[in-house]
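Report on the following structure.
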Amino acid sequence: MNDLAHNDNSSPLIVLFHGLSSSPMEFNFLASQLTAAGYRVNTPTIPGYTFGDKASSWKFWLSEAIKHIEGLQKTESKPISLGGISLGSTLALAVASELNDILGVMALSTTLKYNGWAVPWYRHLIPLGMMLGLGDRFKYKERDPFGIKNPQIRAYIKRVLSSQELSAVGGSYMSLRHMHEGNKLCKHTIENLSQVGSSILTIHAIDDEIANVLNPQMVGDLSSATLLRQVFLGNSYHMITVDNERETVAAEAQNFLDLIYGKIKPIPEEEKIVAPELQRFLRNLNRID
C-alpha cells in the first residue's frame with residue numbers, strides 16, 4: 001500500500017483509489033494539494049487491479065479495499081474519507097456502501113456506465129470475448145485522447161507511453177479480463193448506491209469521453225448522501241486530476257473536505273453547481289431524444 005501521508009496523525013486521513021489498471025500517479029497533484037491543506041493522503045494499490053498485474057476478480061478488489069480501510073479505521077481518531085477517479089471512484093462508492101463511519105466520498109469522473117463519446121463500439125462484446133478465452137490474451141491499447149483535453153499534456157503523455165508502459169494517466173494497455181471485472185464492479189456499485197449515506201462530492205467533465213454526466217447524476221439520484229455537492233467542468237476530459245482544470249478539482253476537493261470536517265461553515269442553497277456546460281449538454285441530450 002502506497003502512503004503519501006506527511007501531516008501529523010491528528011489530521012484527517014483521506015484514502016484515494018486510482019483507476020483500473022493504473023497507479024497512484026494519477027493523484028500526484030491532488031495529493032500534494034490536500035497534504036498542503038493539512039490532510040493526510042493514502043493511495044493504496046491492489047494486486048490484480050493496479051497496473052502490471054494479471055487481473056483478479058472485482059470481489060477481490062473490493063474485499064482488499066475494505067480490509068485496507070478497516071485496518072486504518074482501527075488507528076484513526078477521526079472518521080476517514082474516501083475518493084477515487086474513474087473506476088477508483090466506483091470502488092470508493094462500493095466500499096462506502098459496505099462500511100460505517102465513512103465521512104465523505106469524493107467521486108471524480110465516476111464510471112458506472114461506459115457511455116462516453118470515445119468508448120469503442122465493440123465494448124459490449126466483452127462477454128463474448130471472455131467466452132472465447134480472450135480474457136488475458138486481448139489487451140486494449142490506450143490511445144488518443146488519453147483522457148486529456150489539453151494538447152500539450154496529451155502530447156507529453158503520448159511520448160511517455162511510446163517508451164514505457166505507465167504514465168500519470170494510467171497504463172498503456174488493459175486486459176479484457178480487467179474490463180470484464182470492472183463491468184461487474186460497476187453493476188454491483190449501482191445496485192448498492194442506496195447504502196451510501198456519506199457526504200458525496202462528484203466532479204465530472206461535461207466532455208468526458210469515457211463516462212458522460214449521466215454517471216454523476218446516477219450517483220445523486222440513487223445514493224442516500226447526507227450532503228451532495230456536484231461540480232461539472234467545461235474544459236477537461238476524463239482524467240480531471242491531470243487535465244486543464246486540475247487546480248479546480250483540487251480546490252473543490254479541499255473545500256468539500258474542509259466543509260465535512262467542520263473547518264468551514266456550509267453555504268445555504270449550494271448543494272449543487274449547475275454549470276453552463278451542463279446546461280448545454282442537457283439541451284443537446286433533449287434534442288437527441
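Defined by atom type and a distance below 3.5 Å, a donor-acceptor pair is missing between the side-chain atoms of Ser81 and Tyr39. Side chains of His18 and Thr43: a donor-acceptor N/O pair is absent below 3.5 angstrom, by distance only. Checking Ser194 against Ser224 by side-chain atom types alone, no donor-acceptor pair falls below 3.5 Å. Side-chain polar atoms of Gln230 and Thr202 form a donor-acceptor pair below 3.5 angstrom.
Placement of Val105 and Ile46 within a single hydrophobic cluster is found when ILVMFWY residues are connected by side-chain heavy-atom separations under 4.5 Å, directly or transitively.
The pair Glu70-Lys67 fails the salt-bridge criterion, with no side-chain N (NZ, NE, NH1 or NH2) lying under 4.0 Å from an Asp/Glu carboxylate O.
Checked options Glu245, Lys149, His204; the residue passing with Ser236 is Glu245 (criterion: side-chain hydrogen bond (donor to acceptor under 3.5 Å, both in side chains)).
Looking at Tyr114, its side chain never comes within 3.5 Å of a backbone N or O of Pro120 through a donor-acceptor pair. Listed for the Arg143 side chain is a donor-acceptor partner under 3.5 Å among the backbone atoms of Lys141. Not one N or O on the side chain of Gln73 forms a donor-acceptor pair closer than 3.5 Å with the backbone of Pro79.
Of all the heavy atoms in His178 and Ser175, the pair that sits closest is ND1-OG, 2.7 Å.
Other residues, nucleotides and ligands contribute more than 12 heavy atoms inside 6.0 Å of the NZ atom of Lys139. Counting heavy atoms of neighbouring residues, nucleotides and ligands inside a 6.0 Å radius, atom NZ of Lys59 does not exceed 12 of them.
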Can you check side-chain contact (heavy atoms from CB on, under 4.5 Å) on Asn42 and His68, steps first, answer last?
CA-CA 10 Å; Asn42 177 267; His68 180 64; 2.7 Å; yes
Begin from the C-alpha positions of Lys187 and Glu191 and carry the test salt bridge (charged side-chain N to carboxylate O under 4.0 Å, His left out) through to its verdict.
CA-CA 6 Å; Lys187 182 176 184 294; Glu191 292 172 350; 2.6 Å; yes
